[in-house]
Each structure stands twice: as structure tokens, then as C-alpha cells.
Amino acid sequence: MYDLLYIGGGLNYAGAVIAAKNGFKVALIEKEMAHLGGTCLHKGCIPSKMFLHYANILRESQNAYFRGTLTFNMETLVRKKNELCKSANKAVIDQCRDIDLIEGEGKLIAPHKVEVKGKIYEAKHIIIGTGSSAFIPKGIAYDAEEIITSDEVLEMKHLPKTIAIYGDGAIGREMASFFLSAGVRVTLISRHEGLLKGAHPLIVNSMRKQLETLGMEHLRNHPVIKAQSTQRGVHITFEDGSSRYFEKLLVATGRTPNTGVIGTDAVKVGKGIVTDDDFETTLSGHYAIGDCNGKLQLAHAARAEALYVTQKILGRTPHRLNLSHVVKFMHTLPMSYAWVGETRHTLKKRNADFKESVMPLNRFTASLFHDAVHGMMITYADGEGFILGAEILAPNAEELIAPVAIALAGEMDAPLAQRTIMAHPTFSEALERSWFRL
């Protein structure tokens, strides 16, 4: 009998490490130990950001300040990525030295009982963190060769000349930025009208300009009803009856929570594994964290949830997580989009009284050599001046948003935030000035 048993070795492992360090008997079940560390480490945010980093170097080299031609060596990039992931996986395994690691696919078959390869393991508390999988819409004949997901992109040894990307969410836009910067002709296909649903209209327009400047073709209101590989390439048929051929199709239509781990009616499953605000399922003592609970599909949110649940089980009283205070971002080139807390969309949706401050980055000379003249920082405060959130479109926006996340956690008002003196010359100055306008 274990004190805590964790199913899924993604960011769930962070909670297991803490529990083991505190003297509890802990086990962690992972389908593939070579994949310990999860999708983010092996097939998601770490390798994709590595690809974007080197694609950005190539993009930046193609201006008047450099001579000659650089080409992308995908074989080397993939090899280095694999070496990086393997090294990181080893580091995670080393951290789990006081944990019983069980390889195999776990299934919760009854309260406090998990089956792995025919063997039953019991625990007082069970924490499920089985992540999510790529969603492939009906009619698309995914074959992992010509019709692919981001998983296959990260193993791609040669770049195609053309690629269609179906889905304009975070994955679709990130992959579009990578391929465009690497010299591939990209067509982004959207089911609906625009980019960045819920973002400030000024940011939406700037993001569209950014992608079009890179050379992207954008097909709006083009739901795909059928896609299959042919000798001519991938044939895509749209809802309006038109069709086109592309060398490859990348399907980036979102991810579906992995709920197959649930084998008992005692745990309710909806869009994900149903939990309360403490991430406890409908079965007492059983929790679901990360993508599988359908709340927020972000690695750092999964880690925070795993640590929160573990602390509660250990008898401590952690501050309840506010998922709206978790930083969200989309890593595109040359500028990324990040937001935290309330946005103009959420505030207007609930008819809230708020003040908005827009600070364009073209007010700062550095924007000229950072391809950021269309960037901006938009901050929000309530009628009493307390900071509600922010949206940022800027180089490394995911880093620049951090002070706003801290301000939200500390329940700061604008006058207190205005005491912060940011470094010069940096884009963080724009945030400082936006606070002075609230």
C-alpha cells in the first residue's frame, strides 16, 4: 500500500518528488520511462521552442546587415533535440530516485486500486496526470507521413517546400512561425474568421500583419471536411466545395484530455476528468491534474496543480490556485503574444467597470531593430486602480508578462506598481509606462 500513487509521468512527477522527500511511500506509473517528463519535455514546449529559437536566427540573418545564405540542417537540429531530451529525461529519473517507478499503462479500476500489466497497486491517495493527445477531426486521414501533427514535425529530417496548417491556435501559429522563418511556403487554414479569439482587436491586427509579413497565406472561414494523401500530395476539400493540394498537412486543431485511465464509474468524466477547485475528482482521495482535467492545457499549470494537490495531501494549507492568474502565451516570431488575468474580452463579457492603457512599442527606439514596431502592451485596472491583467505582443512576451502575474498574486494597485523602475533600454519600460496611464 502506497501513501501516494501518481499516474502519468509528465509534470505530475514534481509532486511525487516532493512527497518522497517528505518521507512518504510513493509510486509513479509511466507508460514509457523514456518519456518521463511528459509531452512538454519530449514532444511539446521544450523541443518546439528549440526549433523556433534556431528558426528565428535564420530569419534574423536574412536582412541587409548580413551577406551570404544560410540553410537549415534539419537532421542536425533533430539529433541535437533528441540529445537534449534524453539528457533532460535522465535528470528527471535521477530526481525520482526515492520513488518506485512503474512502467506501463495504468488504469484506475476501483477506489484506491490501479492496474498495470495485470498487477494491482493500491494507494491511499491517487493523483492522475495523463495529459492529452492531438485531436484529429473527422474526415482527415492522418497517416503520420504526409498528414501529420506537431509530433512528426519534431522528427522531420527534411523541410517541405509547402505546407498547410489546419488550426490557428497556439500550436498552429507556432508551427507557422517556424516553417515561415525556415523558408517554407505556409498556408494557415482557419475554421472561423480570425486569429487570436478573445484577444484585443489591436493585437489581432498586429499578429495578422506579422504573419503576412513573413509570407503566410491565411484561408479564413475554411472548415476542412476531408483530407487524404494522394500521389499529387495532400488533397484537402473544404466545406464550400473547393479543394487544394499541398505537399503536407499539419493538423493543429487542439488536444483532447486523456481520460482512458478511468475504469470506474466512481470518477465522473466530462470534457475531461471532472474535479472541484482543489482538483479532487468525484471520488474522495483521487485527484486529476493537468491536461486530463480539461481546465487549462499548459505545462506550468499542470506542475502548479500537482504541487498544490501534493501539499494538501501532506497536510499543509497551500494558497488555492487561481487559474486565471496563470500566464498564457503563444510563441510566434518575431513577436509572441502573452496574457494573464483579465483581458478586454473577458471584462466586456461580464460588463465590468475597467480602465485600459495601451502602450505601443513603436514609442521605443529598440522596436526598430527587434521587428517590434507593431507590438504593444495593454494593461487593465478596475475602478479603484487595482491591476486586473494585461495582454502583451512583443519579443519574448512570455517573459515580459511576469511582472503583471506578480502584481496579480500580490493584489497590487497601479500606484504601487508605478514604483517599479524598469531597466533602460528594454521593452519592460513599456509596461512601466502603461501602469502610469491607469
Side-chain angles (χ1 to χ4, degrees), residues 43-44 48 51-52 55 132-156 158-201 203-257 271 291 294 297 330-333 337 345:
K43 296 182 179 181
S48 69
F51 275 39
L52 282 163
S132 61
S133 301
F135 169 68
I136 308 295
K138 183 180 178 181
I140 296 179
Y142 166 71
D143 59 15
E145 293 182 3
E146 310 307 326
I147 300 178
I148 61 177
T149 67
S150 58
D151 287 1
E152 287 76 43
V153 172
L154 299 174
E155 299 298 331
M156 192 177 280
H158 303 283
L159 289 170
K161 291 181 179 179
T162 67
I163 191 167
I165 299 175
Y166 184 36
D168 57 19
I171 296 173
R173 275 194 296 275
E174 288 186 10
M175 290 290 101
S177 291
F178 166 71
F179 283 114
L180 287 165
S181 298
V184 178
R185 294 198 306 275
V186 175
T187 299
L188 183 67
I189 303 169
S190 296
R191 285 181 53 84
H192 304 291
E193 171 60 25
L195 295 166
L196 297 176
K197 182 181 179 182
H200 194 289
I203 288 179
V204 173
N205 290 335
S206 288
M207 176 63 79
R208 182 174 290 115
K209 288 178 184 176
Q210 171 172 284
L211 291 171
E212 289 174 350
T213 298
L214 288 174
M216 186 193 79
E217 177 188 14
H218 187 197
L219 299 182
R220 307 176 198 174
N221 298 309
H222 271 66
V224 173
I225 60 170
K226 187 177 181 181
Q228 60 184 12
S229 297
T230 72
Q231 290 184 345
R232 288 185 56 187
V234 178
H235 185 221
I236 300 176
T237 304
F238 301 105
E239 192 176 63
D240 63 4
S242 63
S243 65
R244 286 178 63 176
Y245 286 90
F246 295 91
E247 188 175 342
K248 287 188 182 291
L249 169 64
L250 167 59
V251 184
T253 47
R255 296 181 67 83
T256 302
K271 290 183 178 180
D291 288 14
Q297 293 185 347
M330 297 177 183
H331 195 122
T332 51
L333 298 176
Y337 170 54
H345 175 75

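The main-chain N or O of Lys161 is found under 3.5 Å from a side-chain atom of Glu247 such that the two form a donor-acceptor pair. Under a 3.5 Å cut-off, the side chain of Glu174 and the backbone N or O of Met330 do not form any donor-acceptor pair. Judged by distance alone, the side chain of Ser242 and the main-chain N or O of Phe238 form no donor-acceptor pair under 3.5 Å.
Using a 4.5 Å cut-off on side-chain heavy atoms (C-beta onward), Thr149 and Ile136 make contact. The shortest distance between side-chain heavy atoms of Leu211 and Ser177 falls below 4.5 Å. His235 has its side chain within reach of Tyr245: a pair of non-hydrogen atoms, C-beta onward, lies under 4.5 Å apart. For the pair Leu250 and Tyr166, the minimum side-chain heavy-atom distance is 4.5 Å or more. Side-chain contact between Met207 and Val204 is absent, with no heavy atoms from C-beta onward closer than 4.5 Å. Within the 4.5 Å cutoff, the side chain of Arg244 has no heavy atoms near those of the His222 side chain. At least one side-chain heavy atom of Pro257 sits under 4.5 Å from a side-chain heavy atom of Gln297.
Residues Gly44 and Leu154 come closest through the heavy atom pair N-CD1, 4.3 Å. The two atoms that bring Leu159 and Phe178 nearest to each other are CD2-CE2, 4.1 Å, heavy atoms only. Met216 and Leu180 make their closest contact through CB-CD1, 3.6 Å (heavy atoms, listed as atom of the first residue, atom of the second, distance). The minimum heavy-atom distance linking Ala55 with Ser181 is given by the pair O-CB, 3.5 Å. Between Ala227 and Val224, the closest heavy-atom pair is CB-CG1, 4.3 Å. The minimum heavy-atom distance between Ile147 and Ala141, with the atom names listed, is CD1-O, 3.3 Å.
If you take CD1 on Ile171 and CD1 on Ile165, they are separated by 11.0 Å, rounding to the nearest 0.5 Å. Distance check: Thr332 OG1 to Leu214 CG gives 9.0 Å after rounding to the nearest 0.5 Å. Rounding to the nearest 0.5 Å places OH of Tyr142 at 3.5 Å from CD of Glu152. Atom CD of Gln210 and atom CD1 of Ile203 lie 11.5 Å apart (nearest 0.5 Å). Atom-to-atom distance recorded for Ile148:CD1 and Ile163:CD1 is 4.5 Å, nearest 0.5 angstrom.
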May I have the list of side-chain donor-acceptor pairs in residues 183-192 shorter than 3.5 Å, sequence neighbours left out?
from, atom 1, to, atom 2, distance (Å)
Thr187, OG1, Glu217, OE1, 2.8
Ser190, OG, Asp168, OD2, 2.6
Ser190, OG, His218, NE2, 2.6

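Legend: residues meeting side chain to side chain contact (heavy atoms under 4.5 Å, CB included) with Lys226, ordered by chain and number and at least two apart, are Gln228, Thr237.
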Run the numbers on Met175 and Ser48 for side chain to side chain contact (heavy atoms under 4.5 Å, CB included), then give the verdict.
-> CA-CA 8 Å; Met175 290 290 101; Ser48 69; 4.3 Å; yes

Report the C-alpha separation of Met156 and Phe179 in whole Å, then their side-chain angles, then the decisive distance to 0.1 Å, and conclude whether the side chain to side chain contact (heavy atoms under 4.5 Å, CB included) test is met.
-> CA-CA 12 Å; Met156 192 177 280; Phe179 283 114; 4.0 Å; yes

